[in-house]
Amino acid sequence: MNRRRRLALAVLPLLLAVTGCTSGTADDEPAPRPAAAERPSPFRDCATLSTAPTATSPGSGTATPTTATPASPGTTAPDGTTARAAGGSALPELTLSCFTGGAPVVLREVAGPAVINVWASWCPPCRKELPAFQRLSERAAGQLQVVGVNSRDSRGGAQSIGEDFGVRFPILVDQGEALQRELKRNAIPLTLFVDADGQVRHIDASGALDDTRLAKLVRQHLGLAVPA
């Protein structure tokens, strides 16, 4: 009797263990949580950046060619702007990724005329001026390209700014501030005005630009009249 009782006590834990592993069914297990879907980028892709603007593009006819009058070479104005030499200088030899993915972009292959704005979501003046650059991209479509360079920023921060402010022009990503180092500039925002020959005619570091100031700089350095 004692032997049978000892045998029963020895088998009981095994039975309980088996029961514990198999008592649940597949229906009782929680369903795996689906991976969070990545939000679509608000920005345009960069595929056309190497194609020069043409007057036949959508929205063309809003900018009118004029005669650019660059400031004296190498001078720095009280507002923080810096004039380039009359012949300009080439964009730095950099290759940057596009926010939307795809092939990296060689900065020197961005076809001008172009306005290149260096910005970050954590920079208050950058946030203030971005809507003006969006409006410039719409008003001057077909005459010049507006390109953003997102510097030392988080992808989520840049994405949110694009969504909240309706920014749609193409954005390049420069997490290591390579462009700023090449330009020997520490602060942002920075705005580069690049002519049709790919020469940087002017770099603006005066702070947040509005529609009127942007239109004036585009006219002065790129020879295009854009409505403010």
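On a predicted model such as this, the values are computed, not experimentally measured, just so you know. This chain uses plain numbering: 1 for the first residue, then up along the sequence.
- In this structure, Ala114 and Ala111 approach most closely via the heavy-atom pair CB-O, 4.0 Å.
- Taken from CD1 in Ile188 to CZ in Arg152, the straight-line distance is 7.0 Å, to the nearest 0.5 Å.
- Taking the centre and axis of the six-membered ring of Phe169, the NZ or CZ atom of Arg44 falls outside the cone set by 45° and 6.0 Å.
- Side-chain contact between Leu179 and Pro92: present, with at least one pair of heavy atoms (C-beta onward) separated by less than 4.5 Å.
- Distance alone, capped at 3.5 Å, is enough to place a donor-acceptor pair between the Gln175 side chain and the Asp153 backbone.
- A 4.5 Å side-chain heavy-atom check between Ser160 and Arg39 finds at least one atom pair inside the cut-off.
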Between Cys98 and Val173, does a side chain to side chain contact (heavy atoms under 4.5 Å, CB included) hold up when you go through it step by step? CA-CA 6 Å; Cys98 182; Val173 179; over 6 Å; no
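- In this structure, Ile203 and Thr191 have side chains that are not in contact, with every pair of non-hydrogen atoms separated by 4.5 Å or more.
- Across all their heavy atoms, Gly112 and Pro53 have their closest contact at O-CD, 3.5 Å.
- Listed here is the closest heavy atom pair of Leu91 and Leu192: CD2-CD2, 3.7 Å.
- When all heavy atoms of Glu129 and Pro189 are compared, the closest pair comes out as OE2-CB, 3.0 Å.
- Here the closest non-hydrogen pair linking Ala120 and Ser151 is CB-O, 3.3 Å.
- Using a 4.5 Å heavy-atom threshold, the side chains of Asp204 and Leu209 count as touching.
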What's the verdict on side chain to side chain contact (heavy atoms under 4.5 Å, CB included) for Val167 and Leu130, showing C-alpha distance, side-chain angles and the deciding distance? CA-CA 7 Å; Val167 178; Leu130 275 170; 4.1 Å; yes
Could you walk me through whether Leu217 and Arg213 pass the side chain to side chain contact (heavy atoms under 4.5 Å, CB included) check? CA-CA 6 Å; Leu217 291 170; Arg213 179 69 175 149; 3.9 Å; yes
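- Distance alone, capped at 3.5 Å, is enough to place a donor-acceptor pair between the Gln159 side chain and the Pro40 backbone.
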May I have the step-by-step check of side chain to side chain contact (heavy atoms under 4.5 Å, CB included) for Arg201 and Val194, ending in yes or no? CA-CA 6 Å; Arg201 308 296 303 203; Val194 183; over 6 Å; no
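- Between Phe193 and His221, the angle of the ring planes lies from 30° to 60°, which puts this pair in the tilted group.
- In this structure, Asp174 and Asn150 have side chains that are not in contact, with every pair of non-hydrogen atoms separated by 4.5 Å or more.
- Side-chain N or O atoms of Gln145 include none that pairs as donor or acceptor with a backbone N or O of Pro113 at under 3.5 Å.
- Judged by distance alone, the side chain of Arg155 and the main-chain N or O of Phe99 form a donor-acceptor pair under 3.5 Å.
- Arg127 contributes a side-chain N or O that, together with a main-chain N or O of Ser121, makes up a donor-acceptor pair within less than 3.5 Å.
- The side-chain heavy atoms of Asn117 and Val149, taken from C-beta on, include no pair separated by under 4.5 Å.
- When each of Leu136, Val146, Val226 is tested with Leu214 by the rule side chain to side chain contact (heavy atoms under 4.5 Å, CB included), just one qualifies, namely Leu136.
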Given Arg168 and Glu138, is the salt bridge (Lys or Arg N to Asp or Glu O under 4.0 Å) satisfied, shown in steps? CA-CA 10 Å; Arg168 299 293 178 261; Glu138 296 166 0; over 6 Å; no
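- Looking at heavy atoms from C-beta onward, Leu49 lies in side-chain contact with Val147 at the 4.5 angstrom threshold.
- From Asp211, atom CG reaches atom NZ of Lys216 across 15.0 Å, with rounding to the nearest 0.5 Å.
- When all heavy atoms of Ser41 and Thr100 are compared, the pair lying nearest together is OG-CG2, 3.4 Å.
- Proximity of a side-chain donor or acceptor of Thr48 to a complementary backbone N or O of Thr51 within less than 3.5 Å is not detected.
- By the 4.5 Å heavy-atom criterion applied to side chains, Leu224 and Leu144 are counted as neighbours.
- Under a 3.5 Å cut-off, the side chain of Arg181 and the backbone N or O of Gly176 do form a donor-acceptor pair.
- Of the possible polar contacts, none joining the Asp197 side chain to the Gln199 backbone as a donor-acceptor pair under 3.5 Å is found.
- Of the inter-residue distances, the one linking Gln220 atom CD with His202 atom NE2 reads 7.0 Å to the nearest 0.5 angstrom.
- Distance alone, capped at 3.5 Å, is enough to place a donor-acceptor pair between the Gln180 side chain and the Asn186 backbone.
- Taken together through direct or relayed side-chain contacts under 4.5 Å among Ile, Leu, Val, Met, Phe, Trp and Tyr, Trp122 and Val118 form part of one hydrophobic cluster.
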